[in-house]
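Step one of this worksheet: look at the structure below.
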Amino acid sequence: MCGIIGIVGTHSVQERLIDSLKRLEYRGYDSAGVAGVTDGRVVRRRAAGKIRALEDVLAESPLEATVGIGHTRWATHGAPTTRNAHPQEAGRVTLVHNGIIENYAELREALKARGRTFESDTDTEVIASLIDFELSSGKPPLEALKAALDQLTGAYAIGVLIDGEDSLVMGARKGSPLVVGYGDGEMFIGSDALAVGPFTSRIAYLEEGDYVAIDHNQAQIFNEAGHRVERDVRQVPASAALVEKGNYRHFMEKEIHDQPDACQHTLSAYIDPTTGKVTAPGGVDLAAVTRIQIVACGTASYAGAIGRYLFESLAGLPCDVEVASEFRYRQPAMTPGTLAIAVSQSGETADTLAALRWCKAQGLMTAAVVNVHESTMAREADVLFPTHAGPEIGVASTKAFTSQVAALIALAVAAAAARGRIDAVEEARISKLLMEAPRLIAEATQLEDDIRALAPDLARARDILYLGRGAMYPLALEGALKLKEISYIHAEGYAAGELKHGPIALIEEATPVIVIAPTDPLFEKTLSNMSEVAARGGPIVLITDAQGARHAPPGARVIVGPSCDPLLAPLVYAPPIQLLAYYVAVQKGADVDQPRNLAKSVTVE
Ligand code: F6R
C-alpha cells in the first residue's frame with residue numbers, strides 16, 4: 001500500500017508534493033520520489049529511506065515544476081532501493097503506482113521481445129513501458145493509457161506524467177483507491193482525501209476501473225468501458241480526511257471495499273514477489289516450532305480458525321485455536337516448542353492480552369497478529385506479525401479480519417517452507433497465487449448489487465443459518481456473527497456436516513440458510529447437505545463460483561463469486577458475507593457503524 005499524489009498547479013509543486021507525501025507516509029515509507037515537468041520535460045528525484053532522505057536530495061537539486069507527481073513506497077516487487085523507488089520511467093512516461101500487477105512478468109517478457117529494456121525490478125516500470133509503447137504507436141496519452149490498462153491484471157492505482165505534456169496528470173484505479181481534488185485553477189489526484197487535504201476540500205472518489213486526466217481546470221473521468229462519466233464532487237473537511245467515508249454511506253461499507261488494499265499491504269510484509277519467498281517477520285525460526293496455539297476473541301478467533309486449517313494441512317504443524325476468555329482460565333496443558341499467537345485488530349482486547357501474558361509466563365514464545373502496531377499486545381509479544389489494514393472505524397470488523405486471514409495464510413506457507421513440507425518451486429507458486437488475492441477480493445466486492453437484492457427478504461427472517469465446510473466453516477461462523485451484531489437477526493454458523501445432528505430440526509420455510517461453498521474438494525459433500533435443506537423447504541442462498549452455481553438446487557438464490565484456488569477462498573468469499581450482513585442491516589435501518597451494546601475495543605473482561 002503506497003501513497004500517491006499528483007498536482008497540476010499554478011505555482012511550484014515541490015513543497016506541496018512533500019507535504020502530501022508526509023501525510024501519506026502511513027501507507028509506506030521505505031523509499032520516496034517526486035517528478036515534475038520542467039521546460040516540457042519530466043525530471044525526477046528519488047531516494048531510498050524515509051521522506052527526509054528525499055528532502056535532502058531536493059535540497060541539493062530542487063524540482064522546478066508546477067506540475068508533478070509524488071510517491072511514498074511500501075516495497076512489493078524489488079528491494080527498497082533508489083533504483084526501485086517511484087516514479088519509474090520509460091521513454092516519455094513517468095509513473096507512480098500502488099498495488100500489484102500480477103501479470104508483470106509476462107508483460108515484461110513481451111515488451112523485452114519488442115526490444116524494450118528495464119532498469120528496475122518493479123512491476124511499475126512495466127506499466128510505464130506499456131504506456132510508452134502505446135504512445136510510440138501514435139496514440140494520444142489517454143488512449144495509450146487505456147490501451148495499457150486493458151492489458152493489466154491486478155489491483156492498482158497509478159499517477160502518470162508524459163514528456164511534452166505541460167499540464168497533464170493522468171490517473172487510474174482498480175482495487176486500490178484514488179481521489180480527484182478540485183482546486184482554483186489547480187487540480188489534484190491522491191491516494192485518499194488526506195493526500196489532497198491541504199490543497200482542497202472538494203473531492204471526487206474514482207470508482208472501480210475509472211481512469212482520469214486532469215489539467216488546470218478540469219478532470220475528464222472515464223469508466224472501465226472507456227465512457228466519459230461524472231463522479232460526485234463532495235466537500236471533505238481536511239480534519240475529517242483521515243477518517244472519512246468517501247463515497248460510502250457507512251465506514252463498514254468503505255472498509256469492505258478497502259480490503260484489496262489492506263490484504264495486499266499485509267501480504268507485502270510476508271512475501272517477496274520477486275523471489276517468491278515467504279517469511280515470518282521478526283526472524284522467527286518456524287522450523288523449530290512444534291505446535292501452534294492461537295488465542296483470540298470474536299471475529300479474530302474465526303480468522304485464527306481459518307489459519308488452523310492451513311497450519312495443519314500445508315505445514316503439518318499441530319494447531320489449536322481457542323477463544324481467549326476460556327483459554328485464560330482453563331490452565332491448558334502447553335508443550336515446549338509451542339508458539340502462542342494472539343490475533344487481534346486492536347491489540348488491546350483484555351481476554352486476548354491476558355491469554356498472551358499467560359503463555360509468556362509459561363515460558364512459551366509469543367507472537368501477535370495485530371493491526372495497531374503500537375498496542376499493548378504488539379509491544380508485549382516476543383514478535384509482531386503485523387496486519388496492515390489501516391484504521392478500522394466500523395465496529396463490525398471487516399478489513400481487519402481478511403488482513404488477519406492473509407497474514408495467517410502467509411505464515412502457514414512460511415512454516416511449510418521452513419519445515420521442508422514444500423520446496424522453493426511450490427513456495428513461489430503459492431506466493432504468486434496469494435498475490436492474486438487483492439484482485440479477486442476486488443472482484444468479489446463487485447457483487448454488491450446482487451447481494452443488496454437479497455436483503456429485503458432476509459431482513460424479514462427471525463433466524464438465519466450459515467453453513468460451510470473446511471475453511472468455509474469458520475467463514476460461516478463469521479457470517480453469522482456479522483449478521484447478528486449489526487442487523488440483530490439471530491444467526492448461527494454450522495459445519496455443514498453437523499446439520500443432520502440437530503440443527504436440521506430448525507429448517508422450515510421461514511428460516512433462510514446461507515451456504516458458503518465455492519468449488520473445492522468438499523463441494524459434493526456440501527451439495528448433499530444443501531439438498532437436505534431443500535428437501536425440508538428451507539430457502540437457500542448459495543454463495544459459490546460459476547462451476548458451483550451449475551449444481552444449485554432448484555429455487556435456490558445464487559450469488560456467483562470469482563473462481564479461485566481453495567487456498568484463497570476464505571479471503572475472496574469474505575466480502576460477500578460481509579456485504580450480506582451490511583445490506584440486511586441497512587434494510588432494517590440499523591446503526592451499522594455503531595451497533596447497540598458493542599464497543600470497538602473490548603478492554604474489559
Ligand atoms: C466483530 C468484532 C469482534 C472483535 C473482537 C476482538 O465484528 O469486531 O468480535 O473481533 O472483539 O477484537 P480485537 O480483534 O480487537 O481483539
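In each ligand, atom 1 is the first atom listed, and ligand 1 is the first ligand listed. Remember, predicted model here, so these are calculated numbers, not experimental data.
When heavy-atom distances to ligand 1 are checked against a 4.0 Å cut-off, Glu348 has no atom that comes that close, whether in backbone or side chain.
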Going through the distances and angles, do Arg557 and Asp457 end up as a salt bridge (Lys or Arg N to Asp or Glu O under 4.0 Å)? CA-CA 11 Å; Arg557 298 177 80 172; Asp457 283 348; 2.7 Å; yes
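Using a 4.5 Å heavy-atom cutoff, the side chains of Ile341 and Phe311 are in contact. Looking only at side-chain heavy atoms (C-beta outward), Leu481 and Tyr302 come within less than 4.5 Å of each other. Between Arg173 and Tyr205, every side-chain heavy-atom pair lies at or beyond the 4.5 Å cut-off. For the pair Leu314 and Ile430, the minimum side-chain heavy-atom distance is below 4.5 Å.
In the vicinity of Ala396, heavy-atom distances shorter than 4.0 Å reach the ligand 1 atoms 7 (O). Close approach of ligand 1 to Ser346 is summarised as follows: ligand atoms under 4.0 Å from at least one heavy atom of the residue are 13 (P), 15 (O), 16 (O). Annotation for ligand 1: atoms under 4.0 Å from non-hydrogen atoms of Gly298 are 9 (O). Taking every non-hydrogen atom of Glu485 and a distance limit under 4.0 Å, the qualifying atoms of ligand 1 come out as 1 (C), 7 (O). Set against the non-hydrogen atoms of Gln345, the atoms of ligand 1 under 4.0 Å away are 13 (P), 14 (O), 15 (O), 16 (O). Under a 4.0 Å criterion applied to the non-hydrogen atoms of Ala300, ligand 1 contributes the atoms 10 (O), 14 (O).
Checked by distance only, ligand 1 and Lys482 come closer than 3.5 Å through their nitrogen or oxygen atoms.
Taking the six-membered ring where tryptophan is involved, the planes of Tyr582 and His250 are perpendicular, since the angle between them exceeds 60° and thus also 30°.
Judged by the shortest distance from any of its heavy atoms, Thr398 lies outside the 4.0 Å radius around the atoms of ligand 1.
Within a 6.0 Å radius of NZ in Lys588, more than 12 heavy atoms belonging to other residues, nucleotides or ligands are found.
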